[in-house]
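One structure is given below, encoded as structure tokens.
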Number of protein chains: 2
Amino acid sequence: MFSLEHLTSFVAVAEELHFGRAAARLTMTQPPLSRRIQALEHEVGVELLERSRRTVRLTPAGRVFLADARRILELSEQAALSARRVPGGEVGTVTLGFTAATAYSYLETVLAAVRDRLPHVDLVLREMVSSAQRAALLAGDLDLGLVRPPMGGPGLATAPLAREPLVAALPADHRLARRGTDPDVRDFDGEPFVMYSPAEARYFYEVLSRAFRDARVTPRYVQHLAQVHTILTLVRSGHGVSLVPAAATRLGLTGVVLRPVTGVGEEPVELEMAWRATNDNPALAALVDLLRSAAAAG
Amino acid sequence: MFSLEHLTSFVAVAEELHFGRAAARLTMTQPPLSRRIQALEHEVGVELLERSRRTVRLTPAGRVFLADARRILELSEQAALSARRVPGGEVGTVTLGFTAATAYSYLETVLAAVRDRLPHVDLVLREMVSSAQRAALLAGDLDLGLVRPPMGGPGLATAPLAREPLVAALPADHRLARRGTDPDVRDFDGEPFVMYSPAEARYFYEVLSRAFRDARVTPRYVQHLAQVHTILTLVRSGHGVSLVPAAATRLGLTGVVLRPVTGVGEEPVELEMAWRATNDNPALAALVDLLRSAAAAG
DNA sequence: GGCGGTTACGTAAGGCGTAAGAATT
DNA sequence: AATTCTTACGCCTTACGTAACCGCC
């Protein structure tokens, strides 16, 4: 196999079309350069240059090989540069877990941040429920997860990412939707209510339960569901009202009115990121730093 | 700069995750392999492997570098293979000139033949009138031209490519178009006729002139034009009738009827290829051979 | 004759293998 | 104690530079 020195030598000669000048450019004398090119030609198995005493010209094979040689040399330089940038986290891959609910909210923020600030970091996206994310993080199948609290635990580190308000989800023809003022949590007392599932959507179940307890209201739960978009579908068809994270606005579902709601606290819904404490992926560290400062900046 | 041997060594170790086995695979002992990897890491400027006495693991930087290393090695092999195939003409570039008229006829045949039989030959297409092609062929700006005869001359070689019939081009409501039988050249006697330009389309002008002379008919020339599609446009608007190469059918122009015509010879329109006799482009030689045998096969 | 490439030859260095070393299970 | 990577050392091959050589404007 030829070496990269052979290739740089060949490119120099091909560009200068003059062994002497090429040798000077390579800071060597020309006899060894001649030998190198001969060796390269022997190795490749084809004449690359046509020497006619006074002039040097590329053969057709030489032209083809020159293009490849340039690409190989460029790739080689890039390879070293890329590798050097890995420990700083600028280059690499992060496997990111997210739940269905984050897909249309904070995930966009993460993607935009990575595109702008860590353009050489590849994100591999995996939609997974929170429990599966915990296992995958610990197993090393996932680098980072976008999850609802609480996600602490042995071996896992977490950091808050964002808080968001709850909004009331009302059928378009509901009296609270038609009323001029925004609904209050107390308006839901005794109201048919599409509730989160305590098992599969424990976080939202607890946030809402606490809000109702604090306000001393008791909606009438008509269904328990895990996913925001399913809840909204039932609200639309008039089975009841609900409270969903504000990001649900981005779903753009028609037939459901989403309105600010008072009495449930400012921004009760929390989102955090979680990762294995011993994960040594530098790109993960860089991404965690990036998201941490983005969260701090608001 | 690291060498390709460094890369093969690294790939072997990265795949085996064991210096001893990797060394065996490279048919060497492991001490020099260790040194090579150390030198490579020093060169790249980053730790690629994590040696923990009992196990060898890739670092994140190592994973990134491994992908690049594999690509570089593959490219290097391919480069040699490609270059070796150039003298046989299997790999390379042919700059091909063609006239507007061949664009919708024989050019397609050439493109299909190259795609099927010389898939690694790149074609660079240039539309040029015949005189410009002659100059470009001699100047080395063109490797091969698709031209009308006669294109011989000092330094140029030619070979016939194809013959094709002439068809009558008639306005849709013309009496010859409505008649049950195909027109004969004698039907054009005294008929308003859209003729080729003797200067810019000399070949067609002469083919038609000879056909008319042989049949002793004298159409009434109403226009002289260079390009088939312009002629057809005038025919469509009723300025006259014309005779065009059968390939014009592929233009799919509506409002013009193209019908077989008798009395003008079987396939009077010839197409040939021309190239500079001293052109040493092996891909050109391969293409000429290919087209020659395709023409012989019909 | 001189420019521009190749061949010949002596020398220096880089890299191999063998052997010894160190650390971990 | 055994395994496995690293360091030490002697030798050989590879490849440089200098010098001589050859062929064509």
Side-chain angles (χ1 to χ4, degrees), chain A residues 1-59 61-63 65-66 69 73 76 80 278 280, chain B residues 1-59 61-63 65-66 69 73 76 80 278 280:
Chain A
M1 174 67 73
F2 52 80
S3 79
L4 296 178
E5 280 69 39
H6 286 137
L7 298 186
T8 35
S9 304
F10 173 64
V11 170
V13 176
E15 281 172 1
E16 301 284 350
L17 292 178
H18 189 290
F19 278 71
R21 283 196 295 276
R25 201 169 108 181
L26 299 164
T27 55
M28 64 190 295
T29 57
Q30 99 268 49
L33 178 58
S34 287
R35 288 192 298 260
R36 265 200 206 169
I37 301 296
Q38 285 166 15
L40 176 63
E41 287 176 317
H42 185 260
E43 186 60 50
V44 174
V46 78
E47 192 185 38
L48 300 173
L49 293 165
E50 194 185 318
R51 296 87 145 167
S52 45
R53 286 301 160 224
R54 214 64 177 181
T55 54
V56 175
R57 294 194 316 164
L58 279 168
T59 63
R63 261 187 290 280
F65 192 74
L66 176 60
L73 291 173
S76 299
T278 57
D280 68 346
Chain B
M1 175 66 75
F2 52 80
S3 79
L4 295 178
E5 280 68 40
H6 286 138
L7 298 186
T8 33
S9 303
F10 173 64
V11 170
V13 176
E15 282 173 0
E16 300 286 349
L17 291 177
H18 189 289
F19 278 72
R21 282 195 297 274
R25 201 168 107 182
L26 299 164
T27 53
M28 65 191 293
T29 58
Q30 102 270 44
L33 178 58
S34 287
R35 289 193 297 261
R36 267 199 204 168
I37 301 296
Q38 285 166 16
L40 176 63
E41 286 176 317
H42 186 260
E43 187 60 51
V44 174
V46 77
E47 194 184 37
L48 300 173
L49 293 165
E50 196 185 318
R51 296 85 145 166
S52 43
R53 289 299 161 223
R54 213 65 178 181
T55 54
V56 175
R57 293 194 314 165
L58 278 168
T59 64
R63 262 186 290 278
F65 192 74
L66 176 59
L73 291 172
S76 300
T278 57
D280 68 345

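Everything numeric here is computed off the predicted structure, so don't read it as measured data. All chains are named by letter (A, B, ...) in the order of the sequence lines, taking the proteins before the strands, and each is independently numbered beginning at 1.
- Atom CE of M1(B) and atom CG of L73(A) lie 7.0 Å apart (nearest 0.5 Å).
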Protein and nucleotides 14-19 of chain D: nitrogen or oxygen contacts under 3.5 angstrom:
residue : atom : partner : partner atom : Å
dC16(D) : OP1  : R36(A)  : NE           : 2.9
dC16(D) : OP1  : R36(A)  : NH2          : 2.8
dG17(D) : OP2  : T29(A)  : N            : 3.2
dG17(D) : OP2  : T29(A)  : OG1          : 3.0
dG17(D) : O6   : R35(A)  : NH1          : 3.4
dG17(D) : O6   : R35(A)  : NH2          : 3.2

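- Scored by the side chain to side chain donor-acceptor pair (under 3.5 Å) test, T278(A) finds R276(A) as partners (sequence neighbours excluded).
- Pairing each heavy atom of S9(A) with each of L26(A), the nearest pair is CA-CD1, 3.8 Å.
- Pairs of residues two or more places apart, or lying in two chains, that qualify as ring pair (Phe, Tyr, Trp, His ring centres under 6.0 Å) and include a residue from residues 1-39 of chain A are F2(A)-F65(A), F10(A)-F65(A).
- Each salt bridge (Lys or Arg N to Asp or Glu O under 4.0 Å) pair with one or both residues in residues 33-45 of chain A, not counting sequence neighbours, appears once here: E41(A)-R51(A).
- Atom-to-atom, CD of E41(A) to P of dG5(C) comes out at 13 Å; the value is rounded to the nearest Å.
- Phosphate contact (OP1/OP2 of dG5(C), side-chain N/O of S34(A), threshold under 4.0 Å): absent.
- Closest of all the heavy-atom pairs between L17(A) and L58(A) is CD2-N, 4.3 Å.
- Listed by residue number, the members of residues 17-25 of chain A with any heavy atom below 4.0 angstrom from DNA chain C are H18(A), F19(A), G20(A).
- In this model, the phosphate group of dT6(C) is approached by a side-chain N or O of R51(A) to a distance below 4.0 Å at OP1 or OP2.
- Distance CD (E50(A)) to P (dG23(D)): 18 Å, rounded to an integer number of Å.
- Rounded to an integer number of Å, the gap from Q38(A) CD to dA8(C) P is 11 Å.
- Within the structure, the salt bridge (Lys or Arg N to Asp or Glu O under 4.0 Å) test picks out the following pairs touching residues 3-22 of chain A (sequence neighbours left out): E15(A)-R25(A), E15(A)-R70(A), E16(A)-R21(A), E16(A)-R25(A).
- Remark: C1' of dT6(C) and CD of E47(A) are 14 Å apart, rounded to the nearest angstrom.
- Residue L4(B) comes nearest to S3(A) through the heavy atom pair CD1-CA, 4.4 Å, listed as atom of the first residue, atom of the second, then distance.
- To the nearest angstrom, P of dG14(C) lies 13 Å from CD of E5(A).
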